[in-house]
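Here the structure is laid out as structure tokens; the discussion comes afterwards.
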Amino acid sequence: MAKINFGGTWEEVVTREEFPMEKALDLLRDETIAIIGYGVQGPAQALNLRDNGFSVIIGQRQGTKTWDKAIAHGWIPGETLFDVEEAAKRGTIIQFLMSDAGQIATWPTIKPHLTKGKALYFSHGFGITFKEQTGIIPPPDVDVILAAPKGSGTSVRRLFLQGKGINSSYAVFQDATGKAKSRAIALGIGVGSGYLFETDFKKEVYSDLTGERGTLMGAIAGIFEAQYEVLRSKGHSPSEAFNETVEELTQSLMPLVAENGMDWMYANCSTTAQRGALDWKKKFKAATLPVFKELYESVASGAEAKRTIDTCSKPDYREKLAEELKELRESELWQAGAAVRALRPEKEKVEASMIN
């Protein structure tokens, strides 16, 4: 493992240099990796593993759109594509990549096929951490491991096809065979991770739920809406309000942060922007810090898990979700965004094979 200084704190991480693909392939040469679920993370991880030379099969319900999608991606019914129960039976490593609600519903089908020596793999600590609510309690004679890419399945696949890698965490909840850690790392390398950092199931899900509800999705969307509404109320056009709220951030500034850090981005903006950003940063931190503390406590208490399970398990959940997303999509803010994207000189297009 490599020891890296993260802002004054030293951490051990696994890189491709000390754990190359050849080592991962050798370690898992006798394993059959069964991907259960072909929705968000499933396709990306399955295709990356297949492209890297691992033995992979898919478990998916027949007659669904995702079954057809798997066939379109080259998985062959009866050879590499099976129903969920058959794939779980054949796999020595079961990658449980359904949604959290889907995992709860499918667990009774999976559990009987977790025979001694197999590994149960997650990319999210939810099902195990909140096992009292989910009912997902693995038998004691199997490895229970995690490799969690820090991004959507779309990003996992896109970065892989670009010859890059997405950072991932890894964890061991249960080591029944003595090789759980090496299995987790090998799978993390196999799915295309740039580097892997160690965590545990509870920390993974606490940070993940906080991040999704916070700066990754919830907070940023709320901040976008607030600034856009203020600009529009003061007479700025939709185009100007959107460009100053979203477009400049996502297309110009955040790529600079990703490449060289926030300080570098600040240093390469105007002195007026620098001064204002440094002054108002403190106000925004003071305003949002209590909200983030409240959010983390809601995650740690299990309240967020309960709400997720209660809402996502309802039969009409997808219909209600579609309504909420339609409201978001049809808001003036994101209608303006669609118009701005259409006007870009070179509109980015990602091949369907990379994202679907």
Side-chain angles (χ1 to χ4, degrees), residues 35-46 58-67 69-70 83-85 88 94-111 120-138 144 146-156 169 173 201-222 294-330 355-356:
I35 308 284
I36 306 299
Y38 209 72
V40 180
Q41 281 287 335
Q45 294 197 31
I58 306 298
Q60 182 58 43
R61 287 187 296 116
Q62 294 189 44
T64 62
K65 291 181 180 179
T66 44
W67 175 274
K69 180 167 73 173
D83 63 33
V84 170
E85 188 168 9
I94 298 174
Q95 292 197 191
F96 208 11
L97 299 181
M98 289 182 160
S99 68
D100 295 321
Q103 288 182 9
I104 294 169
T106 310
W107 178 245
T109 302
I110 298 297
K111 188 175 180 180
L120 178 63
Y121 165 111
F122 295 87
S123 282
H124 190 26
F126 189 99
I128 294 293
T129 300
F130 300 110
K131 56 184 179 294
E132 291 80 9
Q133 297 183 56
T134 65
I136 298 176
I137 302 174
V144 182
L146 174 147
K150 300 296 106 181
S152 68
T154 299
S155 300
V156 172
S169 60
F173 178 77
F201 274 62
K202 182 182 288 187
K203 288 178 181 175
E204 192 284 329
V205 73
Y206 282 16
S207 61
D208 192 66
L209 293 183
T210 300
E212 290 169 348
R213 285 149 178 77
T215 59
L216 301 179
M217 295 175 68
I220 195 68
E294 179 186 353
L295 168 57
Y296 192 89
E297 289 307 313
S298 184
V299 170
S301 71
E304 293 300 310
K306 184 177 186 304
R307 173 160 171 74
T308 297
I309 293 169
D310 289 348
T311 58
C312 297
S313 299
K314 291 179 179 178
D316 62 346
Y317 169 69
R318 292 193 179 279
E319 289 78 6
K320 289 186 174 180
L321 173 65
E323 291 175 8
E324 291 183 89
L325 294 179
K326 180 182 178 184
E327 182 181 353
L328 186 67
R329 181 174 63 252
E330 294 184 352
I355 63 175
N356 294 326

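- Residues satisfying the side chain to side chain contact (heavy atoms under 4.5 Å, CB included) criterion with Glu85, sequence neighbours excluded, are Asp83, Thr109, His113.
- Across all non-hydrogen atoms, the minimal contact from Gly153 to Ala44 is O-CB, 3.1 Å.
- The minimum heavy-atom distance between Ala88 and Ile36, with the atom names listed, is N-CD1, 4.1 Å.
- To the nearest 0.5 Å, atom CE of residue Met98 and atom CD of residue Gln103 are 8.5 Å apart.
- Screening residues 302-311 for side chain to side chain donor-acceptor pair (under 3.5 Å) gives Arg213-Glu304, Arg213-Thr308, Ser298-Glu304, Lys306-Asp310 as the qualifying pairs, with residues at least two apart or on separate chains.
- Considering only residues two or more places apart in sequence or on other chains, Ala147 meets the side chain to side chain contact (heavy atoms under 4.5 Å, CB included) condition with Tyr121.
- When the side chain to side chain contact (heavy atoms under 4.5 Å, CB included) test is applied to Thr215, the partners found at least two apart in sequence or on another chain are Phe292.
- A 4.5 Å side-chain heavy-atom check between Asp100 and Thr134 finds every atom pair outside the cut-off.
- Listed by chain and number, the residues in a salt bridge (Lys or Arg N to Asp or Glu O under 4.0 Å) with Lys202 amount to none (sequence neighbours excluded).
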Side-chain polar contacts of residues 317-330 - donor-acceptor pairs under 3.5 angstrom, sequence neighbours left out - could you list them?
unit_1, atom_1, unit_2, atom_2, d
Lys320, NZ, Asp316, OD2, 3.4

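- Counting only heavy atoms from C-beta outward, the side chains of Cys312 and Ser99 never approach each other to under 4.5 Å.
- Counting heavy atoms from C-beta outward, Ile128 and Phe122 have side chains that approach closer than 4.5 Å.
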Is there a side chain to side chain contact (heavy atoms under 4.5 Å, CB included) between Phe130 and Ile104? Walk through the geometry before answering. CA-CA 11 Å; Phe130 300 110; Ile104 294 169; over 6 Å; no

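- A pairwise comparison of heavy atoms in Val156 and Gly151 identifies CG2-O, 4.3 Å as the closest pair.
- A donor-acceptor pair under 3.5 Å is formed between the side chain of Ser207 and the backbone N or O of Glu204.
- In this structure a side-chain-to-backbone donor-acceptor pair under 3.5 Å is missing from Thr210 to Tyr296.
- Rounded to the nearest 0.5 Å, atoms CD1 (Ile58) and CD (Gln95) are 9.0 Å apart.
- Here the side chains of Leu97 and Tyr38 are not in contact, with every heavy-atom distance at 4.5 Å or above.
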Residue pair Thr106, Phe96: steps toward the side chain to side chain contact (heavy atoms under 4.5 Å, CB included) verdict: CA-CA 10 Å; Thr106 310; Phe96 208 11; 4.2 Å; yes

Are Ser169 and Leu146 close enough, and set up right, to give a side chain to side chain contact (heavy atoms under 4.5 Å, CB included), and what steps lead you there? CA-CA 8 Å; Ser169 60; Leu146 174 147; 3.9 Å; yes

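- Looking at every heavy atom in both residues, Thr66 comes nearest to Gly39 through CG2-CA, 4.4 Å.
- Considering every non-hydrogen atom in both Gln60 and Thr64, the closest pair reads NE2-OG1, 3.5 Å.
- In this structure the side chain of His124 reaches within 4.5 angstrom of the side chain of Leu209, judged on heavy atoms.
- For Ile137, the side chain to side chain contact (heavy atoms under 4.5 Å, CB included) partners at least two apart in sequence or on another chain are Lys131.
- When every heavy atom of Gln41 is checked against every heavy atom of Pro149, the shortest pair comes out as OE1-CG, 3.9 Å.
- A 4.5 Å side-chain heavy-atom check between Phe173 and Thr129 finds every atom pair outside the cut-off.
- Lys111 pairs by the side-chain hydrogen bond (donor to acceptor under 3.5 Å, both in side chains) definition with nothing, not counting sequence neighbours.
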